[in-house]
Novice: 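Quick one: this structure, given as structure tokens, is what I'll be asking you about.
Chain letters run A, B, ... following the sequence lines, proteins first and then strands; every chain starts at 1.
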Amino acid sequence: MSKEITSREQDYSQWYNDLVLKGGLADYSAVRGCMVIKPYGFALWENMRDALDKMFKDTGHVNAYFPLFIPKSFLSKEAAHVEGFAKECAVVTHYRLKNDPNGGGVVVDPEAKLEEELIVRPTSETIIWNTYKDWIQSYRDLPLLINQWANVVRWEMRTRLFLRTAEFLWQEGHTAHATAEEAVAETEQMLEVYATFAEEFMALPVIRGVKSESERFAGAVDTYCIEALMQDGKALQAGTSHFLGQNFAKAFDVKFLNKENKQEFVWATSWGVSTRLIGALVMAHSDDDGLVLPPRIAPLQVVIVPIYKGDEQKAQIDAKVKEITDALKTLGIRVKYDDNDNARPGWKFAEYELKGVPVRIAIGARDLQNNVVEVARRDTKEKSSVSLEGIAQHIQGLLNDIQSNLYNKAKAYRDSHITKVDSWEEFEKVLNEKGGFVAAHWDGTAETEEAIKDKTKATIRCIPLNNEHEDGKDMLTRKPSKQRVFFARAY
RNA sequence: CGGGAGGUAGUUCAGCCCGGUAGAAUACCUGGUUUGGGACCAGGGGGUCGCAGGUUCGAAUCCUGUCCUCCCGACCA
């Protein structure tokens, strides 16, 4: 079987698909637009999930679970919300099958039509706010800080492994607050949690920003986001945090009695990241030899491959490897000893590179004699001979090194692909020839934004949070502008 | 939902134009030799050719319909 990865230069889509499939993360499934996340991919997701979950809990949140099905009437209570999601909803209309009177199979039983259709949640704001209505009476019930880990379904026209699937796994936080200030602070805090996670765990530098009105979440007052840059120069929205104002409180009539004994609508936020992050990870760090996973979230951090002739050598190597793995495990390092005799060393080397394992240790008779092992790092492909003395500490240091190297490399690439542009000609040239983020003046209107999108496929990714104010002119309309915004072609 | 390509062994694909016993590589199983970058030899198992109709003595091959997948658009995290 061909295990070669399509080169990035040849075809970026194929390169990406190869990485996901041959790296063992996921597979296509029998269901349109849905994918199977394989054990290796799921282990990666679990590591990401656990790290995020801890950060949520450290900021005072708790987990709960709400139903998969949403009554159709709930979805339509918030006008902008239903309009945003209506086109991509899966709908349950019946609750029973029966034997096909005309043949061997089964058919939907027309007798079993639901009185009210159920929507498979595309997101859970509505069902959650319908519940919050019963949970919130007084300012003493606030803030309500709840997260749920769940699957959602959005019936997209065109899907891509991890980046856009019909069903995906995510977490969605839904909080309720007594004041707008507090809700905005929560929105910003969670954006920062996401940014920190992306940068420290995924080694993925991100731009923190606010969406323009047309890119805003359906039903939000403000949408904050983190935007990452992929190796092909396209941007990827990696996480969002929404300030919902009182929109959902009003739609679901969620009021509380404040300290002055007055009824008031509560203030809301919601925030989420999904398995899309795995797609971001793949596109940001991998190379033509396979995946490159950051050590902090890699399912396997170290793999040990023995090289031997005969049982006697194998036994000696086994004993030495036992010492090494014990020492590594003591330091909390995820290590696997692959002494499967069916595959030869060269095959294993290639296989673990494909899977992006950060560090590989090879140990053979030659090494035993010299009291060393061969250590290879996935990010740079460098190999070195390392003394067994203090090997575990050395590996730990190396993992940290790889983590920061990946981040620095991605950041250097990202920073060199932020281009300031003042004219339309330049704008198109940079988009077509260089890619990345283009910092340009925009007159602030949705019409201009739309016109730019039509002409170039580039969208406003965000207005950076730490943006400097600077007078200028819109590159297309020449109308005045107070600041630059970030444009890019995006996934 | 438009345009393109495709669905044949676990996988990647050939065979189709021009109808006539189902093929290759690889993976898998058995035995042996191997093992420092995807080993080799010998033997073996495995496919209602996406599905449903039609044409025909005969269909993987021709016709019609249908489902699914990938790529490019539009839509979106």
Novice: For B:rA27 and B:rG47, measure between their C1' atoms and round to the nearest Å.
Specialist: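 Roughly 15 Å separates the two C1' atoms.
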
Novice: Between P on B:rC75 and CD on A:Glu450, what's the gap in Å once rounded to a whole number?
Specialist: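 Atom CD in A:Glu450 sits about 8 Å away from atom P in B:rC75.
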
Novice: Name the pairing partner of B:rU61, where a pair is Watson-Crick or G-U wobble with both distances under 3.5 Å, or state none.
Specialist: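 Per the H-bond distance test, none.
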
Novice: Once you apply a heavy-atom cut-off of 4.0 Å, does A:Tyr28 come out as touching a base, just sugar-phosphate, or nothing?
Specialist: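 Here A:Tyr28 touches the backbone only, sparing every base.
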
Novice: Please name the nucleotide paired to B:rC13 by Watson-Crick or G-U wobble geometry with both distances under 3.5 Å, or report none.
Specialist: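 Its partner is B:rG23.
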
Novice: When the P atoms of B:rA9 and B:rU61 are compared, how many Å lie between them, rounded to an integer?
Specialist: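 Approximately 15 Å lies between the P atom of B:rU61 and that of B:rA9.
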
Novice: When you check the side-chain N and O atoms of A:Ser13 and A:Trp15, is any donor under 3.5 Å from an acceptor?
Specialist: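 On atom types as modelled, these side chains do not qualify, holding no pair under 3.5 Å.
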
Novice: Applying a 3.5 Å limit to both distances, which nucleotide forms a Watson-Crick or G-U wobble pair with B:rA42?
Specialist: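 B:rU30 - that is the nucleotide pairing with B:rA42, both distances being under 3.5 Å.
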
Novice: Tell me: CG of A:Leu21 to C1' of B:rG10, nearest whole Å?
Specialist: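 To the nearest whole Å, that distance equals 15 Å.
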
Novice: Looking only at the side chain of A:Glu351 (C-beta and beyond, no hydrogens), which of the listed nucleotides B:rG38, B:rA39, B:rG37 gets closest?
Specialist: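 Of B:rG38, B:rA39, B:rG37, B:rG38 is nearest to the side chain of A:Glu351.
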
Novice: Just checking, is any N or O donor in the side chain of A:Gln148 or A:Ser124 under 3.5 Å from an acceptor N or O on the other one?
Specialist: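 Yes, a side-chain donor-acceptor pair sits under 3.5 Å.
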
Novice: Does a donor on one side chain and an acceptor on the other come within less than 3.5 Å for A:Glu449 and A:Ser212?
Specialist: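 Looking only at side-chain atoms, A:Ser212 and A:Glu449 do form a donor-acceptor pair, the distance falling under 3.5 Å.
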
Novice: At under 4.0 Å between heavy atoms, what does A:Thr223 touch on the DNA or RNA strands: base, sugar-phosphate, or nothing?
Specialist: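 No contact.
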
Novice: With C1' as the reference atom in both, quote the distance from B:rA24 to B:rG15 in angstrom, rounded to an integer.
Specialist: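 B:rA24 and B:rG15 have their C1' atoms separated by 10 Å.
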
Novice: Which one, B:rG37, B:rG38, B:rA74, comes nearest to the side chain of A:Arg360?
Specialist: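 When the side chain of A:Arg360 is considered, B:rG37 is the closest of B:rG37, B:rG38, B:rA74.
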
Novice: Select one nucleotide: of B:rU34, B:rG36, B:rC75, the one nearest the side-chain heavy atoms of A:Asp341.
Specialist: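 It is B:rU34.
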
Novice: P atom, B:rG46 versus B:rG3: distance in rounded Å?
Specialist: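 Looking at atom P only, B:rG46 and B:rG3 are 43 Å apart.
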
Novice: May I ask you to say what A:Ser274 touches in the nucleic acid, namely base, sugar-phosphate or nothing, with a heavy-atom cut-off under 4.0 Å?
Specialist: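 Base, at least one base atom sits under 4.0 Å.
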
Novice: Would you please confirm or rule out a distance under 4.0 Å between OP1 or OP2 of B:rA74 and any side-chain N or O of A:Lys87?
Specialist: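 No, no such contact exists.
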
Novice: Side chains of A:Tyr352 and A:Asp338: donor-acceptor distance under 3.5 Å anywhere?
Specialist: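 Checked: A:Tyr352/A:Asp338 side chains pair up, N/O donor to acceptor below 3.5 Å.
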
Novice: Using atom C1' of each nucleotide, how far apart are B:rG20 and B:rU33 to the nearest Å?
Specialist: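 So the two C1' atoms sit 45 Å from each other.
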
Novice: Looking only at atom C1', what distance separates B:rC13 and B:rC18, rounded to whole Å?
Specialist: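 The same atom, C1', in both gives a distance of 22 Å.
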
Novice: Report which part of the nucleic acid A:Gln313 touches: base, sugar-phosphate, or nothing (heavy-atom distance under 4.0 Å, all strands).
Specialist: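 No contact at all - A:Gln313 keeps every heavy atom at 4.0 Å or more from the nucleic acid.
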
Novice: Checking A:Arg160 against A:Asn17: is there a side-chain donor and acceptor pair closer than 3.5 Å?
Specialist: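 Distance-only check fails for A:Asn17 and A:Arg160.
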
Novice: For A:Ala365, answer base if it contacts any base atom (sugar-phosphate contacts may also be present), sugar-phosphate if it contacts only those atoms, and nothing otherwise; contact means non-hydrogen atoms under 4.0 Å.
Specialist: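 Touches a base.
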
Novice: Can you see whether A:Glu125 engages A:His242 through a side-chain donor-acceptor pair at a distance of less than 3.5 angstrom?
Specialist: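 There is no such pair between these side chains.
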
Novice: Please determine, for the side chain of A:Met157, which listed nucleotide (B:rA74, B:rU35, B:rC71) has the closest atom?
Specialist: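 It is B:rA74.
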
Novice: When you get a sec, tell me which of B:rG36, B:rG38, B:rG73 is the closest nucleotide to the side chain of A:Pro345?
Specialist: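 The closest nucleotide is B:rG36.
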
Novice: Separation of A:Asp338 atom CG from B:rG38 atom C1', in whole Å?
Specialist: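 These atoms are roughly 14 Å apart.
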
Novice: What's the closest nucleotide to the side chain of A:Glu374 if the choices are B:rG36, B:rC1, B:rU35?
Specialist: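 Out of B:rG36, B:rC1, B:rU35, the nucleotide with an atom closest to A:Glu374's side chain is B:rG36.
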
Novice: Hey, what do you get for OG (A:Ser241) to CE (A:Met190), rounding to the nearest 0.5 Å?
Specialist: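 Going from OG on A:Ser241 over to CE on A:Met190, the span is 7.0 Å.
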
Novice: Nearest to the side chain of A:Asp367, heavy atoms from C-beta on, is which of B:rG36, B:rC71, B:rC75?
Specialist: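 Looking only at heavy atoms from C-beta outward on A:Asp367, the closest nucleotide is B:rG36.
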
Novice: Could you check how far CZ of A:Phe217 sits from P of B:rC75, rounded to whole Å?
Specialist: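 The distance from CZ of A:Phe217 to P of B:rC75 comes to 19 Å, rounded to the nearest Å.
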
Novice: What is the distance, to the nearest angstrom, from the CH2 atom on A:Trp347 to the C1' atom on B:rG36?
Specialist: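 Nearest whole value for this atom pair: 18 Å.
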
Novice: If you go through the side-chain atoms of A:Lys383, does one of them form a donor-acceptor pair with the base of B:rG37 closer than 3.5 Å?
Specialist: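 Flag set: donor-acceptor pair detected.
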
Novice: Within this structure, what is the CG-to-P distance between A:Asp311 and B:rU34, rounded to whole angstrom?
Specialist: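 Taking CG of A:Asp311 and P of B:rU34, I get 13 Å after rounding.
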
Novice: Base, sugar-phosphate or nothing for A:Asn17? Non-hydrogen atoms, less than 4.0 Å.
Specialist: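 Sugar-phosphate: the residue A:Asn17, judged by heavy atoms under 4.0 Å, touches backbone atoms but no base.
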
Novice: Take the protein atom CD of A:Glu353 and the nucleotide atom P of B:rG38, then report the distance between them rounded to whole Å.
Specialist: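 Between P of B:rG38 and CD of A:Glu353: 12 Å.
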
Novice: Give me the distance, rounded to whole Å, that separates B:rA22 from B:rA59 when you measure between the P atoms they each carry.
Specialist: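 To the nearest whole Å, 11 Å.
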
Novice: Taking only the P atom of each, what is the distance from B:rU12 to B:rU69 in whole angstrom?
Specialist: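 Those two atoms are separated by 15 Å.
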
Novice: Nearest whole Å is fine: how far is B:rG36 P from A:Ile363 CD1?
Specialist: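 Answer to the nearest Å: 16 Å.
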
Novice: If only side-chain N and O atoms of A:Arg344 are considered, is one of them under 4.0 Å from the OP1 or OP2 phosphate oxygen of B:rG36?
Specialist: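 Affirmative; the distance criterion is met.
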
Novice: Checking side-chain polar atoms at under 3.5 Å, does A:Glu382 have a donor or acceptor matched by the opposite partner on A:Thr380?
Specialist: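 Note: A:Glu382 and A:Thr380 side chains meet the donor-acceptor criterion.
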
Novice: Tell me the partner of B:rC75, counting only Watson-Crick (N1-N3 plus N6-O4 or O6-N4) or G-U wobble (N1-O2 and O6-N3) with both under 3.5 Å; none if nothing fits.
Specialist: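 The base-pairing partner of B:rC75, which may sit in any strand shown, does not exist here.
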
Novice: Strictly by Watson-Crick or wobble contacts shorter than 3.5 Å, is anything paired with B:rC70, and which nucleotide is it?
Specialist: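 Across all strands, the one nucleotide that pairs with B:rC70 is B:rG4.
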
Novice: From the list B:rU35, B:rA74, B:rG37, which nucleotide is the closest neighbour of the side chain of A:Lys457?
Specialist: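 Out of B:rU35, B:rA74, B:rG37, the nucleotide with an atom closest to A:Lys457's side chain is B:rA74.
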
